[in-house]
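Ligands are counted one by one from 1 in listed order, and the atoms in each one are counted from 1 as well. Computed from heavy atoms alone, side chains included, the values below leave out hydrogens, waters and symmetry copies.
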Amino acid sequence: MAELDYFNDTHRMVRDTARRFVEREILPWIDEWEEAGEFPSELFRKAAETGLQGVGHPEAYGGSGENDVFMKMAVSEELMRSTSGGLVAGLGSLDIGLPPVWKWGSDELKERVVPPVLRGEKISALAITEPGGGSDVANLRTRAVRDGDAYIVNGAKTFITSGARADYYTVAVRTGEPGYAGVSLLLMEKDTPGFRVGRNLKKTGWWASDTAELFFEDCRVPAANLIGPENGGFYCIMTNFQMERLMLCTMANMTAQLALEASLEYVQQREAFGRTLSGFQVTRHKLAEMATDVEVSREFTYRVAAKIQAGENCIRDISMAKNFATRVSDRVTYDAVQLHGGMGFMREAVVERLYRDNRILSIGGGTYEIMNEVIARQMGL
Ligand SMILES: Cc1cc2nc3c(=O)[nH]c(=O)nc-3n(C[C@H](O)[C@H](O)[C@H](O)COP(=O)(O)OP(=O)(O)OC[C@H]3O[C@@H](n4cnc5c(N)ncnc54)[C@H](O)[C@@H]3O)c2cc1C
């Protein structure tokens, strides 16, 4: 078992806490929340009280430490046992919104913003993608023009996780010349005049997470809310993507794992032509292939995580892991629905949700094609 190699006793303890949290606070209601298209905001506070929101964030601001990659993975794996990628993405929007603040924000900004988010009192979101494009970050259009001690921000963002109910938005803006050297990060606060949340978008999957449009009209944002150097935001965004992509690998691996587990159970109960589905060799071989794919993908993700933990540059490897994991989860969730027959198409079957939730994983945080671009560039092509 790979787990014996990568996870220590502390990780196992935290994993147990996360598992109990999921069993007690999420699983009894998750179907209801998925249908309602949201989970209660109170869950942010409950997760924070158990310490889960602080995992991966600095101790100085109320977290448990930012450098333990496997602790973060253990928690993410267990949260995925909620069977709802949307809940995990929504509850976890702080993991993409907050790190730029505590890495590159001013001391005042860190002290004001990070602790209330880690206590679950405030919600943090990351806003990079625009209606005009998400992959081409270097050419984003939301404009921030310096005016005395503030920036005047105009533009729009879309597909933002926790976009409707966040309090703090880490927003990518253009402060300078065209291209990547003119991009900065600014912290936008919800009560800023001129800031408006648009539609809460209806989606194929991730129903329990809110995904919104944001509009900025002459928003006056204090210059002190700048995160990192002016025009140095592109580097911050790309660095931030690395952990997001690792978490997306974990989501893909767990989506595939859960689909495999549900299928294994189903084929041993369901009968056709006088035997259980597992009595057909074609079914057994299908499951053997699914299990092999899941195992290999998880192992590779762990290996990449270990390299990140050791401080190695993993831009190429993390991109490979994301593409491999999502290809596996695409195949495994498809096959899991197939093995369930008509029941696989029914909302009451967990594989139906896994199949829908899975679809975003090769799009969000850098598409499959962009990952291949990154890999090719790292290969010198
Ligand atoms: C549910 C959900 C939640 C999200 N949450 C967030 C969030 O919290 N914050 C945030 O900022 N964004 C978020 N996103 C946005 C997500 O990161 C983007 O959708 C993604 O980066 C792709 O951008 P795009 O949708 O604009 O597609 P586009 O960039 O328009 O791409 C369209 C297609 O063209 C391909 N393509 C683009 N450029 C190239 C190229 N150079 N070579 C080859 N092919 C290319 C892409 O791979 C894709 O297949 C979310 C999206 C969804 C659906």
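The single protein non-hydrogen atom nearest to atom 52 (C) of ligand 1 is Ile360 CD1, 3.4 Å, given as residue, atom name and distance. Here the protein heavy atom with the shortest distance to atom 23 (O) of ligand 1 is Gly134 CA, 3.3 Å. In this structure, atom 16 (C) of ligand 1 lies nearest to the protein heavy atom Thr129 OG1, 3.8 Å. When hydrogens are left out, the protein atom nearest atom 42 (N) of ligand 1 is Glu373 CG, 4.4 Å; that is the closest non-hydrogen contact. Closest to atom 3 (C) of ligand 1 among all protein heavy atoms lies Thr161 OG1, 3.3 Å. Protein heavy atom in closest approach to atom 20 (C) of ligand 1: Ile363 O, 3.5 Å. Among protein heavy atoms, the minimum distance from atom 40 (C) of ligand 1 is reached at Ile370 CD1, 4.0 Å.
The contact set between ligand 1 and Ile160, taken as ligand atoms under 4.0 Å from a residue heavy atom, comprises 7 (C), 8 (O), 9 (N), 10 (C), 11 (O). Remark: ligand 1 atoms within the under-4.0 Å shell around heavy atoms of Ile128 are 10 (C), 11 (O). Near Thr367, with a cut-off below 4.0 Å to any heavy atom, the atoms of ligand 1 are 22 (C), 46 (C), 47 (O). If you number the atoms of ligand 1 from 1 as listed, the ones under 4.0 Å from a heavy atom of Gly365 come out as 17 (O). Applying the 4.0 Å criterion to heavy atoms of Leu126 picks out, from ligand 1, the atoms 7 (C), 8 (O), 9 (N), 10 (C), 11 (O).
Judged purely by distance below 3.5 Å, without hydrogens or angles, the side chains of Ser278 and Thr276 pair a donor atom with an acceptor atom. Neither side chain, Asn358 nor Thr255, offers a donor N or O lying under 3.5 Å from an acceptor on the other.
Heavy atoms of other residues, nucleotides or ligands lying less than 6.0 angstrom from CZ of Arg112 number more than 12.
We find that Glu77 and Arg15 are joined by a salt bridge, their nearest charged nitrogen and carboxylate oxygen being less than 4.0 Å apart. Classification of Arg353 and Glu34 as a salt-bridged pair holds, one side-chain N sitting under 4.0 Å from a carboxylate O. The existence of a salt bridge linking Glu35 and Arg347 is confirmed by a sub-4.0 Å separation between a basic side-chain nitrogen and an acidic carboxylate oxygen. Asp9 and Arg12 are joined by a salt bridge, as a carboxylate oxygen and a charged side-chain nitrogen come within less than 4.0 angstrom of each other. Note on Arg303 versus Glu299: no salt bridge recorded, every NZ/NE/NH1/NH2 to OD/OE distance being 4.0 Å or above. Ion pairing between a basic and an acidic side chain is recognised when a charged N comes within 4.0 Å of a carboxylate O; Arg220 and Asp149 show such pairing. Note on Glu42 versus Arg45: salt bridge recorded, some NZ/NE/NH1/NH2 to OD/OE distance being below 4.0 Å.
Checking Val117, Leu94, Val113 one by one against Lys122, the side chain to side chain contact (heavy atoms under 4.5 Å, CB included) holds for a single residue, Val117.
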Legend entry - side-chain hydrogen bond (donor to acceptor under 3.5 Å, both in side chains) between Asn225 and Glu189, intermediate numbers included: CA-CA 9 Å; Asn225 282 21; Glu189 301 179 47; 3.2 Å; yes

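Within a 4.0 Å radius of atom 8 (O) of ligand 1, the protein contributes one or more non-hydrogen atoms. Counting protein heavy atoms under 4.0 angstrom from atom 30 (O) of ligand 1 gives zero. There is no protein heavy atom closer than 4.0 angstrom to atom 35 (C) of ligand 1.
You'll find the ring centres of Tyr355 and Phe345 outside the 6.0 Å limit.
The proximity of Phe159 to ligand 1, defined as any non-hydrogen pair under 4.0 Å, involves the side chain as well as the backbone.
Comparing Pro131, Ala89, Gly132, Ser135 against atom 28 (P) of ligand 1, the shortest heavy-atom distance belongs to Ser135. When the heavy atoms of Tyr169, Phe241, Trp206, Tyr368 are ranked by distance to atom 1 (C) of ligand 1, first place goes to Trp206.
Residue Asp136 has no N or O atom closer than 3.5 Å to an N or O atom of ligand 1. For ligand 1, the polar-atom distance check finds an N/O of Glu369 within less than 3.5 Å of one of the ligand's N/O atoms.
Residue Gly133 places a heavy atom under 4.0 Å from ligand 1.
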